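Just so it is clear, the values below take in all heavy atoms, side chains as well, and ignore hydrogens, waters and symmetry mates. Keep in mind it's a predicted model, so treat the numbers as computed, not measured.
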Amino acid sequence: MHELPFPVRDANAGGGADNLGNLPEWNLDDLYKGQDAPELTRDLEWLEQECAAFAADYEGKLADLDAQGLLNCVQRNEKINAIAGRIMSFAGLRYYQLTTDAERAKFLSDMQEKVTLFTTPLVFFTLEINRIDDDVLATHFKANADLARYEPVFRRIRAMKPYQLSDELEKFLHDLGVVGDAWERLFDETIAGLTFTVNGDELNIEGTLNLLTEQDRSKREAAARELARVFQDNVKTFARVHNTQAKEKEIIDRWRKMPTPQTARHLANDVEPEVVEALREAVVAAYPKLSHRYYELKRKWLGLDVMQVWDRNAPLPMEDTRTVSWEDAEKTVMEAYAAFDPRMAEIAAPFFSKGWIDAAVKPGKAPGAFAHPTVTDVHPYVMLNYLGKPRDVMTLAHELGHGVHQVLAAGQGEMLSSTPLTLAETASVFGEMLTFRKMLDQAETPEQRKVLLAGKVEDMINTVIRQIAFYDFECKLHAARREGELTPDDINALWMSVQAESLGPAFEFMDGYETFWAYIPHFVHSPFYVYAYAFGDGLVNALYSVYESGADGFEEKYFEMLRAGGSKHHKELLAPFGLDASDPKFWDKGLSMISGMIDELEALEG
């Protein structure tokens with residue numbers, strides 16, 4: 001069923017201010033007008049009845065259906081997905097607005113349990129699809145064009161065929177899913193409930209992480225040391241969550257005979273393991289010419305003999321510390337989108353005017369930022385924690401790109417609109433690049449250009465280098481957990497083993513930094529998710545180089561790619577642009593764009 005949305009950005013946004021203007025809040029009425037809404041009661045009743053009826057009508061019979069019968073079955077399943085998705089989107093978004101509210105947490109938990117209970121009888125659907133003979137399916141697709149449209153869904157379902165368990169065990173695992181969800185909620189509520197005292201101010205995690213981008217080095221250091229202190233105080237809880245989640249995954253993988261802990265993620269992403277490995281190898285090989293080289297430049301700019309971890313996201317000494325109002329952020333992003341193609345700005349406009357964005361930092365609100373597609377007959381919702389730094393403008397451009405992508409893909413319907421994570425970052429990173437290029441073109445002095453270039457390089461390092469280091473950490477964590485329970489010190493050691501390698505010799509690591517794995521939500525919510533960021537960034541850099549070359553009809557091909565949603569494989573989507581992600585040289589093309597920006601920064605020093 002529908003996964004809950006969750007904060008997906010590495011939390012490196014800027015420090016806050018009070019003069020941000022009128023920040024928008026969500027209006028969730030397009031889903032339901034409240035938890036007591038009669039429409040919600042009606043949908044829950046319908047879902048319970050329809051799931052039971054669907055099982056009664058189809059269980060044990062899928063292999064005997066003709067093409068039209070199978071199409072009817074798929075379309076009924078799609079409607080169930082849509083109603084369940086609407087309920088869970090409403091409960092999840094409401095919870096993320098205020099994760100510390102017991103009533104919202106209870107409502108979310110109750111909805112999860114009901115939807116899981118109602119949909120357990122549907123587990124047979126994918127299992128029986130995997131028992132249909134290949135030739136029979138091929139004949140059905142030839143006989144019925146409407147059914148053939150769903151072929152990519154069947155292909156992805158059938159990719160799980162080698163790892164399928166008995167019907168009874170699959171139902172058991174489906175039911176047991178709420179227990180894993182509870183561990184995720186424990187993580188979310190623990191993170192949202194943490195308080196940090198920095199220079200006498202009491203802050204939540206978002207506000208404290210934002211201090212790491214302050215101009216004042218003593219503030220950055222105070223924030224880093226306070227993060228380390230609070231993470232250490234709670235490290236047993238975080239270690240317990242990670243141990244439990246990794247063990248649960250190991251058990252399920254073992255029963256399914258998955259060859260590696262990463263296999264399930266690759267299947268979900270519709271990407272071949274060798275493509276991910278080629279990406280990883282290309283990025284790790286590029287550490288010296290990218291992150292190591294850039295941070296050596298930054299060390300000189302900051303006038304330091306050695307950088308500490310609290311200097312990683314520090315602004316440059318010449319950086320403008322102005323606060324960007326919400327109005328200016330909206331104007332910058334919308335103009336960048338419109339300059340690429342007016343249609344892009346038209347799709348983005350309602351997000352600002354109709355309560356589709358929740359922007360302010362508030363106590364108890366989930367950290368980070370995300371765009372959640374909800375269901376295809378409503379619209380996406382974007383969450384930010386906007387604090388008025390130029391980086392926050394980039395985050396707005398990023399999440400709005402997701403929103404535009406989700407709106408365009410909605411035409412595919414509930415089962416085909418969802419884009420694999422590897423391609424889900426395409427429009428978001430492209431939106432960021434458009435916004436960055438607009439800001440770069442407007443730079444009035446070499447200093448302004450330098451600051452913008454450095455900021456973009458840092459974002460790319462956070463998106464590519466850092467996420468691949470995170471991926472390596474997860475690979476090590478899951479491999480180690482298979483050998484036995486991990487103490488907090490064990491996890492700390494794994495974390496530190498990837499930090500120096502990826503960040504380079506410009507850094508020294510303070511005591512306490514070893515616990516900074518604790519706050520990254522992806523490790524808990526969605527194991528091995530993180531490589532999708534590097535995949536998306538590399539893909540967009542390659543795409544953008546095609547766009548910059550003035551390729552004919554690029555805009556129309558780009559919109560077609562976004563409209564495709566999850567209906568096409570990455571090879572098929574990239575072919576019109578002359579790109580192929582399975583070619584190892586493809587990743588070098590993306591990485592060379594980052595390298596080129598560092599070249600320009602070095603030249604500006606010259």
Side-chain angles (χ1 to χ4, degrees), residues 1-2 46-47 49-85 118-167 170-171 174 266-272 373 375-377 406 408-420 423 556-557 559-576:
M1 299 316 302
H2 281 252
W46 180 88
L47 189 66
Q49 290 163 9
E50 177 58 12
C51 287
F54 184 89
D57 291 346
Y58 292 114
E59 188 162 12
K61 302 169 189 170
L62 257 60
D64 300 325
L65 295 175
D66 61 13
Q68 184 59 46
L70 190 55
L71 174 65
N72 294 343
C73 174
V74 167
Q75 288 174 335
R76 277 179 68 179
N77 183 71
E78 191 163 37
K79 177 76 186 294
I80 288 169
N81 272 325
I83 298 298
F118 297 162
T119 55
T120 296
L122 271 58
V123 170
F124 77 89
F125 177 70
T126 54
L127 305 181
E128 289 193 28
I129 280 175
N130 285 347
R131 293 195 195 110
I132 299 173
D133 187 82
D134 287 346
D135 293 340
V136 171
L137 263 187
T139 304
H140 286 341
F141 291 149
K142 277 184 189 164
N144 190 311
D146 290 335
L147 180 65
R149 203 174 74 80
Y150 290 95
E151 191 274 332
V153 177
F154 282 86
R155 179 175 56 78
R156 285 202 291 274
I157 289 171
R158 287 165 78 82
M160 274 296 289
K161 191 174 179 177
Y163 314 111
Q164 195 165 292
L165 301 173
S166 70
D167 293 15
E170 291 288 356
K171 286 179 182 176
H174 180 85
H266 299 335
L267 287 168
N269 284 348
D270 199 18
V271 66
E272 301 76 17
V375 284
T376 54
D377 60 352
Q406 290 159 358
L408 284 166
Q412 295 288 347
E414 212 59 45
M415 291 172 81
L416 282 162
S417 62
S418 180
T419 312
L423 297 165
E556 199 50 55
K557 288 177 191 171
F559 274 90
E560 280 306 305
M561 181 167 94
L562 300 190
R563 283 192 200 100
S567 67
K568 292 180 179 176
H569 186 261
H570 62 79
K571 264 190 183 297
E572 206 179 342
L573 284 173
L574 291 173

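A distance-only check finds no donor-acceptor pair linking the side chain of Arg149 to the backbone of Leu416 [under 3.5 Å].
Among all heavy-atom pairs drawn from Leu147 and His140, the shortest one is CD2-CB, 3.6 Å. Contact detail for Val375 and Gly85: the closest heavy-atom pair is CG1-C, 3.6 Å. Of all heavy-atom pairs spanning Pro420 and Asp270, the tightest one is CG-CB, 4.1 Å.
Every side chain to side chain contact (heavy atoms under 4.5 Å, CB included) that Glu272 has, sequence neighbours left out, goes to Glu274, Val275, His569, His570. The side-chain hydrogen bond (donor to acceptor under 3.5 Å, both in side chains) check on Tyr150 picks up Glu78, with sequence neighbours excluded. Remark: His266 pairs with Tyr531 by the ring-ring contact (aromatic ring centres under 6.0 Å, His included) rule, at least two apart or across chains. By the side chain to side chain contact (heavy atoms under 4.5 Å, CB included) test, Lys161 pairs with Asn130, Arg158, sequence neighbours left out. Partners of Ala564 by side chain to side chain contact (heavy atoms under 4.5 Å, CB included), not counting sequence neighbours, listed by chain and number: Ser567, Lys568, Leu573. In terms of the salt bridge (charged side-chain N to carboxylate O under 4.0 Å, His left out) criterion, residue partners of Asp377 (sequence neighbours excluded) are, by chain and number, Arg86. Partners of Ser418 according to the side chain to side chain contact (heavy atoms under 4.5 Å, CB included) rule, which considers only residues two or more places apart in sequence or in another chain, do not exist here. Looking at residues two or more places apart in sequence or on another chain, you find a side-chain hydrogen bond (donor to acceptor under 3.5 Å, both in side chains) between Lys571 and Asp580, Ser582. Considering only residues two or more places apart in sequence or on other chains, Glu170 meets the salt bridge (charged side-chain N to carboxylate O under 4.0 Å, His left out) condition with Arg256. A search for ring-ring contact (aromatic ring centres under 6.0 Å, His included) contacts involving Phe124 returns Phe54, not counting sequence neighbours. Residues meeting the ring-ring contact (aromatic ring centres under 6.0 Å, His included) test with Phe118, sequence neighbours left out: none.
Between Leu267 and Tyr163, some side-chain heavy-atom pair lies under the 4.5 Å cut-off. Counting heavy atoms from C-beta on, the side chains of Trp46 and Ile80 come closer than 4.5 Å. Between Met561 and Lys557, every side-chain heavy-atom pair lies at or beyond the 4.5 Å cut-off. The shortest distance between side-chain heavy atoms of Arg131 and Leu62 does not fall below 4.5 Å. Met415 has its side chain within reach of Val74: a pair of non-hydrogen atoms, C-beta onward, lies under 4.5 Å apart.
Among residues at least two apart or in separate chains, salt bridge (charged side-chain N to carboxylate O under 4.0 Å, His left out) pairs with a member in residues 56-68 are Asp57-Arg76, Glu59-Lys171.
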